[in-house]
2 protein chains.
Amino acid sequence: MKAEIINIGDEILIGQISNTNAVWIAEQFNLLGIPIARMTTVADKEQDILDAVEAAFEKHDLIIMTGGLGPTKDDITKKTLVDYFQTELIFNQEVYDRLNGWFTSRGRVFSEVNQTQCYVPANCKVLMNNWGTAPGMLFEKKGKFLASLPGVPYEMINLMSHHMIPFIKAHFNLPPLVHRSFNIEGIPESDLMKTIESWEDQLPPTVKLAYLPSAGIVKLRMSSLNEDGQAEKLILAEAEKLHTIIGDEIFGYEEETLESTIKELLVNRNLTLTAAESCTGGYLAHKLTSIPGISSVFPGSFVTYDYWVKTDILGVKKTTLEKYGAVSREVVIEMALAAKAKLKTDYAIALSGIAGPGGGTPEKPVGTVWIAWATPTEVLAKRFEFPADRAGNIHRSYQKSLSILRKLILGLPLKKELWEKDE
Amino acid sequence: MKAEIINIGDEILIGQISNTNAVWIAEQFNLLGIPIARMTTVADKEQDILDAVEAAFEKHDLIIMTGGLGPTKDDITKKTLVDYFQTELIFNQEVYDRLNGWFTSRGRVFSEVNQTQCYVPANCKVLMNNWGTAPGMLFEKKGKFLASLPGVPYEMINLMSHHMIPFIKAHFNLPPLVHRSFNIEGIPESDLMKTIESWEDQLPPTVKLAYLPSAGIVKLRMSSLNEDGQAEKLILAEAEKLHTIIGDEIFGYEEETLESTIKELLVNRNLTLTAAESCTGGYLAHKLTSIPGISSVFPGSFVTYDYWVKTDILGVKKTTLEKYGAVSREVVIEMALAAKAKLKTDYAIALSGIAGPGGGTPEKPVGTVWIAWATPTEVLAKRFEFPADRAGNIHRSYQKSLSILRKLILGLPLKKELWEKDE
């Protein structure tokens, strides 16, 4: 069984928006164990849509289409599908009632243009859209299926989650896949491969391992067919072995992020954290505060860009700044200790560096970042040289700061070489 | 003339990464005036690649392929293209010399595997890749062209910018397009259409107008064919008329963002800015500090999540907090004034609200955000109710805060209704 995603929309073809719908659908299908063989994006043009649908039905069993379902004349997907499936539009009372209520409850007029959305192809199964105005449509053709969904991500996600994924699970004989993902920071993919090579080699043939790297993080994913009901147990056993090799480096599982992990650690231990950010300019605070409920463990933080803000507002000694410069072990240590004292927290992170593009020197090139961690009992600092652009250096600084904070909270050993380079 | 983008990569088809290469290429082609008729993503499988290339050559004149050019056995694009174009691999001395230097200068071994990259199809034009190891390849077939580029975005962008775009401009008889974009915050697309309807109706037929909306921002783009050399003048004249209608709402042009605009305004006027962020948790500071050179006008800022941080660190009165609550006009006004005084800036922004998902009440539902602006002469505050999720509410808060700050710095009138709702 193979699937295809067809996205319809001029805004994708002119580079105005990124095709996030394709990413989301692909991720879901990957977890379901259904390979996406092709993704195709075409314009809101009848012939282009027809060609794409024909080519998809020729080779694939399940087609998810998004876009072109709005009520305006630009949106021609429904009309095109009516032609393709040689059917006609019929009035659907259920859609009418829902849309009527939808517009009325919002104090809006249920206009003639919007009423066209109550007409649906006669031979499709209507997927009721409780999250917007355009209903989804599911067509069958010789045992193959095509679903046409709105292009609005929120509506598409809900229609997939509530209608299509349950349908797919019920209708297709899907491989009963069991997954387990391990999220690792700070080990490049190639080093990780070497480190866990012997474990990987002894994996049972039914367990597949995937390396899913992305800027600074590698997600290791084990997948196994659960035909005998033993896959979960098997994966757990292998996970235990993996933990004996690189357990300390696994910061989370599945969709967990560094910041969600840190939040859980702090909440569970009744500990608090603050930050004093120079080169990261608030990015660390932003990432932490993107997690709901962080406020109970993160009272606030400082962005101290300017020299005098580091001294007068935070409390770094002027002599330290003058002697060592803002990007130095001494200054980040004072920043971390001052932030921790001022905000009365258990932990504090301080960052100071040269994010770029300007400001680099031979001794402190662009990408040089000092990070300090103040803990309840000590303060540590480490110099990094990140190789990226401004945004990348800021991102890597945040990753490193939380990744190492996690080890400090858990009392895990820090790799010796990590600290020796500067000492 | 029509173009197609073919991206090769399993990591796209499993939803691991977003196809940013397609977005970037599509944007460039749109500016060049070349329509992208289709985007296709296929796996690193010979037959799938062959099918995609054949289908593309059938209908389109120019094909940009990315991905699958690495030296490992997974990467089969080069081999597949050799088969498709019925050619053979030949040794290329220039590529060898460059790669040899590349590896040597990095202290790395120029391994046998990497040396396979010096073999290129006999009938292609080699596009020297000075930014990585895999050379690009340009093939011709009956007056149509296919370029195969590495999938690493940085390398692809450089090969496009330095080789392919100049080639396309030189080889194809491109429409001499002139563009001008106007970036607008705070007017929904439908309202904007009504506001500028009469201007749009009188546009010369040679000037095309595009609405390019994205979360809270609408980019209006005029494009015109410059066949008589007059397009630039024509667009400038129309831009002037547009300015008389909505000039105050245009915060920038082309790729300018709210934060780059604010930085320029502050730098040019020798003014400074700070912030006290509660619900946005550092996001505003992060957006500002993503602009290189902001440090001269943005000394730093506060993230004041907790009640007592607002009082003890920033200086909000305890009685104000107790009487009005953290999400109130009174508190954001005190936050803005305190931040401005502490950091000795000309302007300060303060934000406090309920980003969600929890914390809402009937009086202050999720999405309620109070923003205050302290200027050299006054302090203003406004309540917003954003309809989005946590990330969306944080994003809209940042947009509104900078959009209105811009008007305050420029002394532009604030829409009256904007302030009356709460007063």
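Each chain gets a letter, A, B and so on, in the order the sequences are listed, and its residues count up from 1.
- Highest contact tally toward chain A, considering only B:Glu277, B:Lys59, B:Gln28, is held by B:Lys59 [criterion: heavy-atom pairs under 4.5 Å].
- Only the backbone of A:Thr304 comes within contact range of chain B, judged by heavy atoms closer than 4.5 Å.
- A:Asp51 has no carboxylate O lying under 4.0 Å from a charged side-chain N of B:Arg38, or vice versa, which leaves the two without a salt bridge.
- Using modelled atom types, one side-chain atom of B:Gln16 and one backbone atom of A:Pro213 make a donor-acceptor pair closer than 3.5 Å.
- If you tally non-hydrogen atom pairs under 4.5 Å between each of A:Asn7, A:Thr280, A:Ile36 and chain B, the highest count goes to A:Ile36.
- Counting heavy-atom pairs under 4.5 Å between each of A:Ala210, A:Ser295, A:Ala43, A:Cys279 and chain B puts A:Ser295 at the top.
- Closest of all the heavy-atom pairs between B:Ile12 and A:Met39 is O-CE, 3.2 Å.
- Using bins of under 30°, 30° to 60° and over 60° for the plane-to-plane angle, the ring pair B:His286/A:His286 lands in the parallel bin.
- Nearest heavy atom pair, residue A:Gly15 against residue B:Ala26, reads N-CB, 3.4 Å.
- There is no contact between B:Ile6 and chain A, counting heavy-atom distances below 4.5 Å.
- Of the atoms belonging to A:Tyr283, heavy atoms from both backbone and side chain fall under 4.5 Å from chain B.
- Heavy atoms of A:Tyr154 lying under 4.5 Å from chain B are absent altogether.
- Under the side chain to side chain contact (heavy atoms under 4.5 Å, CB included) test applied with A:Asn30, the options B:Leu13, B:Asp10, B:Ile14 reduce to a single match, B:Ile14.
- Contact annotation for A:Ile313: only side-chain heavy atoms (C-beta onward) come within less than 4.5 Å of a heavy atom of chain B.
- Comparing A:Ala355, A:Gly293, A:Gly300, A:Ala22 by how many heavy-atom pairs each has under 4.5 Å with chain B, the most go to A:Gly300.
- With a 4.5 Å cut-off on non-hydrogen atoms, A:Asp306 touches chain B through its backbone and its side chain both.
- Across all non-hydrogen atoms, the minimal contact from B:Ile17 to A:Val23 is O-CG2, 4.2 Å.
- There is no contact between B:Trp24 and chain A, counting heavy-atom distances below 4.5 Å.
- A:Leu343 and B:Trp308 make their closest contact through O-CZ2, 3.3 Å (heavy atoms, listed as atom of the first residue, atom of the second, distance).
- For the set A:Thr40, A:Leu212, A:Thr20, A:Asn19, the count of heavy-atom pairs under 4.5 angstrom toward chain B peaks at A:Leu212.
- Contact of A:Lys219 with chain B is not made at all, since no heavy-atom distance falls under 4.5 Å.
- Interface check for chain B: of the options A:Ser214, A:Pro357, A:Ser278, A:Ala37, the most heavy-atom pairs under 4.5 Å are formed by A:Ala37.
- For B:Lys287, no part sits under 4.5 Å from any heavy atom of chain A, backbone or side chain.
- Heavy-atom distances place the backbone of B:Ser290, and not its side chain, under 4.5 Å from chain A.
- Proximity to chain B is limited to the backbone of A:Ile291, based on heavy atoms less than 4.5 angstrom apart.
- Per-residue counts of heavy-atom pairs under 4.5 Å with chain A were compared for B:Gly359, B:Gly282, B:Ser301; the largest is that of B:Ser301.
- For A:Val42, the parts lying under 4.5 angstrom from a heavy atom of chain B are both the backbone and the side chain.
- Per-residue heavy-atom pair counts under 4.5 Å with chain B were compared for A:Ala285, A:Pro292, A:Ala52, and the maximum is reached by A:Pro292.
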